[in-house]
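Below is one structure, written out as structure tokens; comments come after it.
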Amino acid sequence: MNRILVVDDDPDLLEVVQLILEENNYRVFPLMTGRPIFRIIEEFKPDLILMDIRLDGMDGRAIFKEIRTREMTAHLPVILTSGGFTEDYVMREALHSSDYLEKPFEMSVMLKKIEKLL
């Protein structure tokens, strides 16, 4: 069973995404803050990370860049999400994530992108 770490500070969206993913046979670790992300990655060993760019008190872009620089996490597929940034912005900022979802997004689109990466 593939493991997905979902990082989003919106509890309602986090719950819906978790339910949808679990219904589609993914094991999910929901996380509302990026602070413990590297400890969680080490313990949970996700196959993919779905992470919001705008996190409460943290910048998901900085976390993403750190993920890419660490040897133990550089290989992980990361789908960035945001309601405040366009895909063009993400590309201009050289945030070379595996994929991007602009909020609000359709759950079916999210599932297709995850399936493609796994």
Margin query: Pair Val78, Leu80 - check side-chain contact (heavy atoms from CB on, under 4.5 Å), show working.
Written below: CA-CA 6 Å; Val78 178; Leu80 293 175; 4.0 Å; yes
Margin query: Any heavy-atom pair between the side chains of Pro46 and Phe29 that's under 4.5 Å?
Written below: no
Notebook entry, point to check: Residues two or more places apart in sequence or in another chain: which of them pass salt bridge (charged side-chain N to carboxylate O under 4.0 Å, His left out) with Asp59?
Noted result: Arg61
Checklist line | Met1 side, atom CE; Asp47 side, atom CG - distance, nearest 0.5 Å | finding: 11.5 Å
Margin query: What I'd like to find out is whether the side chain of Leu5 reaches to under 4.5 Å of the side chain of Met51, using heavy atoms alone.
Written below: no
Checklist line | Met58 and Asp9, any side-chain heavy atoms less than 4.5 Å apart | finding: no
Check: Among pairs that include at least one residue of residues 21-37, which meet side chain to side chain donor-acceptor pair (under 3.5 Å), considering only residues two or more places apart or in two chains?
Finding: Gln18-Glu22, Thr33-Arg35
Notebook entry, point to check: Are the side chains of Val28 and Leu19 in touch, meaning some heavy atoms are under 4.5 Å apart?
Noted result: no
Check: Side chains of Pro11 and Met32: closer than 4.5 Å at any heavy-atom pair?
Finding: yes
Checklist line | Pairing residues for Lys103 by the side-chain contact (heavy atoms from CB on, under 4.5 Å) criterion, not counting sequence neighbours | finding: Asp8, Leu13, Asp52, Thr81, Phe105
Next item on the list: Determine, step by step, whether Ile114 and Ile79 satisfy the side-chain contact (heavy atoms from CB on, under 4.5 Å) criterion, reporting the C-alpha distance in whole Å, the side-chain angles of both residues, the deciding distance to 0.1 Å, and the verdict.
Entry: CA-CA 8 Å; Ile114 289 170; Ile79 299 175; 3.8 Å; yes
Notebook entry, point to check: For Glu42, what residues pass the side chain to side chain donor-acceptor pair (under 3.5 Å) criterion, not counting sequence neighbours?
Noted result: none
Item checked: Same apolar cluster (I L V M F W Y, side chains within < 4.5 Å links), Leu101/Leu48 -> yes
Margin query: Under the rule for salt bridge (charged side-chain N to carboxylate O under 4.0 Å, His left out), what residues qualify as partners of Arg68, not counting sequence neighbours?
Written below: none
Next item on the list: Might you point out which heavy atoms bring Leu55 and Gly34 nearest each other, and give the distance in Å?
Entry: CD1-N, 4.1 Å
Check: Do the side chains of Ile53 and Ile67 join up, straight or via other hydrophobic residues, at under 4.5 Å, putting them in one cluster?
Finding: yes
Item checked: Sequence-distant partners of Glu43, salt bridge (charged side-chain N to carboxylate O under 4.0 Å, His left out), two or more places apart -> Arg39
Next item on the list: Apply side chain to side chain donor-acceptor pair (under 3.5 Å) to Arg3 and list each qualifying residue two or more places apart in sequence or on a separate chain.
Entry: none
Note to self: Check for me, please, whether Leu50 and Leu76 land in the same ILVMFWY cluster - side-chain distances under 4.5 Å, paths through other members count.
What the structure shows: no
Checklist line | Steps toward side-chain contact (heavy atoms from CB on, under 4.5 Å) verdict (Phe64, Glu66) | finding: CA-CA 5 Å; Phe64 171 75; Glu66 181 71 18; over 6 Å; no
Item checked: Closest heavy-atom pair and its distance - Pro77, Ser98 -> CA-OG, 3.2 Å
Next item on the list: Mind checking ring-ring contact (aromatic ring centres under 6.0 Å, His included) for Phe38 and listing every partner two or more places apart, or none if nothing turns up?
Entry: none
Checklist line | Minimum side-chain heavy-atom gap Leu111-Ile20 below 4.5 Å | finding: yes
Notebook entry, point to check: Which pairs, with at least one residue in residues 4-25 and sequence neighbours excluded, count as a ring pair (Phe, Tyr, Trp, His ring centres under 6.0 Å)?
Noted result: none
Item checked: salt bridge (charged side-chain N to carboxylate O under 4.0 Å, His left out) evaluation trace for Lys116 with Asp99 -> CA-CA 10 Å; Lys116 180 183 80 173; Asp99 215 325; 3.3 Å; yes
Next item on the list: Indicate the atoms forming the closest heavy-atom contact of Leu31 with Ile37, along with that distance.
Entry: CD2-CA, 4.1 Å
Check: Hey, does Ile41 have a side-chain heavy atom less than 4.5 Å from the side chain of Ile49?
Finding: yes
Notebook entry, point to check: What about Leu118 and Tyr100, same hydrophobic cluster or not, with Ile/Leu/Val/Met/Phe/Trp/Tyr joined at side-chain heavy-atom distances under 4.5 Å?
Noted result: no
Check: Is Ile40 reachable from Leu21 through a run of I, L, V, M, F, W or Y residues, each pair having side-chain heavy atoms under 4.5 Å apart?
Finding: no
